[in-house]
Amino acid sequence: MANQNLFAALRAAFPADLDGTAIETDSGLHYSWHDLDRATAMVANLLQSLDVPKARDGVPPRIAVQVEKSVEAMILYLAALRAGFAFLPLNTAYQSGEIEYFIGNASPAVVVCSGRNFPWVSQIAFKAGTRHVFTLNEDRTGSLLERAAHHSDRQQPAERKAGELAAILYTSGTTGRSKGAMLSHGNLLSNAVMLKDYWGWQPGDVLIHALPIFHVHGLFVAIHGALLNGSKMLWHARFDPKKVIADLPRATVFMGVPTLYVRMLAEPALTRQQAAHMRLFISGSAPLLIETFNDWRERTGHTILERYGMSETIMLTSNPYRADVRYENQSERRGGTVGFPLPGVGVRVRGDDGAAVPAGEIGGIQVSGPNVFSGYWQMPEKTKEEFTADGWFKTGDVGQQDARGYVTIVGRSKDLIISGGYNVYPAEIEGVLNDMPGVAESAIVGVPHPDFGEVGVAVVIPRPGATLEPERLIDELKARLANFKIPKRCFIAAELPRNTMGKVQKNLLRDQYQDLFTA
Ligand code: MLC
Ligand code: AMP
């Protein structure tokens, strides 16, 4: 059977003219397809030259990467696939305690970090038994590329089967620590191939890439989409609404979390004329408010296509790209919904008792398909809990599917806040707060926010006799956790509201602070 390494499929889709531009960056750099091919070969050869454990039982060596967004960081991802390593991307906002957990849990053979963070990251990595730590900086310096420069620019992609591990994405949990979702070459490729057709990727498409590349949206959906279509990317190192709007006349596809759309709408330069060349605007990772959906249509003449996915499953549902006879009745992009189950993806809604609920009624969303991950890294018990007996994955999202098939997400059974497209698990922050001196207990709730959609608010109860200062608690949290997890406000209270069972009534706290940022 042919090699099912995801990189091999992406490479096969490169255009015949390898001298054409594959990527143009916002700092004026141009990369040809040939450059991508050569650079990924060199880095893959470096990785394969290292003394690391060989793949065993479909489990290859892991490479954990915490670096700023750059084309070279993307090349490193592709090179890891090419060399047959499993890629473990880490948000640049993560602090040492968070990194220590990920490295300790995944025991990567190789770690790559920025030169600035090398002193502490390497210490954590070496302590965890990692033998190889490289640096990679935004300006293309660092030991990774220096070492790769000594390797050949030709390389045969490692032989991989569809079920073999390609990436581990850590996602936090409602209880306990983060879990590593194991995604295979087949999970990633099947989803990308299906989306290429469903979203109507066509010759000449150009993608504006303005998302971070350490989560599903920017790393998989955007990059695989462009590469599999042989499409050029206009590469933005960080999201700047003005710069994206300026690039619209040269592009056809844009992907963003709702916050990016909200920020672009605040720019007078966003006009119908400026967006005239665009073919498709896609939103996901967090709920898109109907006002944003409507305002965007009014201002640009384009209807945003909203889709729904997860780290564990990649893309699950999507509003339609076009009226297509193959996808009967799927003609309208309906705001407030996440569209239809994607071809090949099973979506069903179940009640608390596990029974099917009638169309239009609310329940837990369960999914199945070739895109669904195989389980959490070294957590068989957790994996078992999250799947039904008949093999469907319980997303933790609560929603409904109407008679026509449109899926709407109405809430979450998991205690999760999605802030600017990043997941924040209250339990993790409460755990850190509760360990601070003078803190008896705490609760974090999500409330509406005009920019981030939703943000966390902390309510903290002091121990008897203790005096707590909200600013001090926030500063302490900042030293320990990624910045997007930090509650935007902190209140000290005498007690938390509880029901008769003694359970904290977060809904009452949410109601209390509902208008904090939107009044
Ligand atoms: C930044 N800040 C945030 C935040 N991002 N606060 C809450 N939520 C966020 N998402 C805070 C910082 O802590 C800092 O606070 C201040 O804002 C400025 O930081 P910054 O880094 O300069 O912010 P900015 O560059 O403006 O970033 C905002 C953003 C970014 C929206 C561009 O958050 C972003 O790129 N989000 C996209 C996330 C994403 O890709 N998600 C996909 C997940 S995949 P202070 O106090 O320190 O000043 C997934 C599956 C799927 O969910 O379906 O796709
Ligand atoms: P992550 O674990 O970071 O992959 O986040 C996945 C979660 O993001 C899902 O379980 C949903 O709760 C949420 N999500 C993704 N896309 C959407 C969307 N379009 N609307 C609402 N929630 C979404």
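Nothing here was measured: the structure is a model prediction, and the numbers come from that model. Start at 1 and go down the list; that is how both ligands and their atoms are numbered.
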Please write down residue, atom name and distance for the protein heavy atom closest to [atom].
{"atom": "atom 30 (C) of ligand 1", "result": "Y422 CE1, 4.2 Å"}
{"atom": "atom 46 (O) of ligand 1", "result": "K478 NZ, 3.7 Å"}
{"atom": "atom 53 (O) of ligand 1", "result": "R307 NH1, 2.9 Å"}
{"atom": "atom 9 (C) of ligand 2", "result": "D397 OD2, 3.3 Å"}
{"atom": "atom 3 (C) of ligand 1", "result": "F452 CZ, 3.3 Å"}
{"atom": "atom 37 (C) of ligand 1", "result": "G420 O, 3.4 Å"}
{"atom": "atom 49 (C) of ligand 1", "result": "S285 OG, 3.6 Å"}
{"atom": "atom 13 (C) of ligand 2", "result": "I418 CD1, 3.3 Å"}
{"atom": "atom 40 (O) of ligand 1", "result": "P212 CD, 3.4 Å"}
{"atom": "atom 15 (O) of ligand 1", "result": "K488 NZ, 4.5 Å"}
{"atom": "atom 2 (O) of ligand 2", "result": "N423 ND2, 2.9 Å"}

Of all the atoms in ligand 1, which lie at a distance below 4.0 Å from a heavy atom belonging to [X]?
{"X": "T259", "value": "31 (C)"}
{"X": "G309", "value": "53 (O)"}
{"X": "L211", "value": "40 (O)"}
{"X": "N483", "value": "12 (C), 13 (O)"}

How about [atom]: does it have a protein heavy atom within less than 4.0 Å?
{"atom": "atom 22 (O) of ligand 1", "value": "no"}
{"atom": "atom 25 (O) of ligand 1", "value": "no"}
{"atom": "atom 6 (N) of ligand 1", "value": "yes"}
{"atom": "atom 18 (C) of ligand 1", "value": "no"}

Do other residues, nucleotides or ligands put more than 12 heavy atoms under 6.0 Å from [X] [atom1]?
{"X": "E298", "atom1": "CD", "result": "no"}
{"X": "D352", "atom1": "CG", "result": "no"}
{"X": "R250", "atom1": "CZ", "result": "yes"}

Nearest candidate to [atom], where distance is taken over non-hydrogen atoms, out of [options]:
{"atom": "atom 19 (N) of ligand 2", "options": "R307, M310, R412, K414", "value": "R307"}
{"atom": "atom 28 (C) of ligand 1", "options": "H449, R263, K485", "value": "R263"}
{"atom": "atom 23 (C) of ligand 2", "options": "S318, A286, S311, G399", "value": "A286"}
{"atom": "atom 15 (C) of ligand 2", "options": "G309, G339, G421, A181", "value": "G309"}
{"atom": "atom 21 (C) of ligand 2", "options": "P258, G396, P287", "value": "P287"}
{"atom": "atom 9 (C) of ligand 1", "options": "A93, S419, A286, A482", "value": "S419"}

L227 side chain reached by F7 side chain, heavy atoms, under 4.5 Å: no
Does some side-chain heavy atom of N191 sit less than 4.5 Å from a side-chain heavy atom of F220? no
Atoms of ligand 2 close to V338 [distance to a heavy atom under 4.0 angstrom, numbered from 1]: 18 (C), 19 (N), 20 (N)
Sub-3.5 Å N/O-N/O distance, S285 and ligand 2: yes
Do F340 and Y406 have ring centroids that are under 6.0 Å from one another? yes
Can we call the ring centroids of Y422 and H215 under 6.0 Å apart? yes
How are the rings of [X] and [Y] set to each other: parallel, tilted or perpendicular (split at 30° and 60°)?
{"X": "H449", "Y": "F517", "answer": "tilted"}
{"X": "F281", "Y": "Y261", "answer": "perpendicular"}
{"X": "F393", "Y": "F373", "answer": "perpendicular"}

Lys NZ or Arg CZ of R279 over F254 ring: under 6.0 Å, within 45°: no
Tell me whether K382 forms a cation-pi arrangement with W377, defined as NZ or CZ under 6.0 Å from the six-membered ring centre and within 45 degrees of its axis. no
Distance in Å, R412 CZ paired with I365 CD1, rounded so as to fall on 0.5 Å steps: 11.0 Å
Could you give the distance from CG (L248) to OG1 (T271), rounded to the nearest 0.5 Å? 8.5 Å
Is G421 close to ligand 1, meaning an N/O of one under 3.5 Å from an N/O of the other? yes
Give a yes or no on whether the backbone of G375 and the side-chain of K179 come within a donor-acceptor separation of less than 3.5 Å. no
Given 3.5 Å as the limit, does a donor-acceptor pair link the side chain of R62 with the main chain of A86, or not? no
Charged N-O contact under 4.0 Å between R334 and D402: yes
Would E306 and R333 pass as an ion pair if we require N to O under 4.0 Å? no
Record the part of S283 in heavy-atom contact with ligand 2 below 4.0 Å; permitted values are side chain, backbone, both and neither. neither
Tell me, please: is V216 in heavy-atom contact with ligand 2, that is, under 4.0 Å? no
Look at ligand 2 and say whether E306 reaches it with a heavy atom at a distance under 4.0 Å. yes
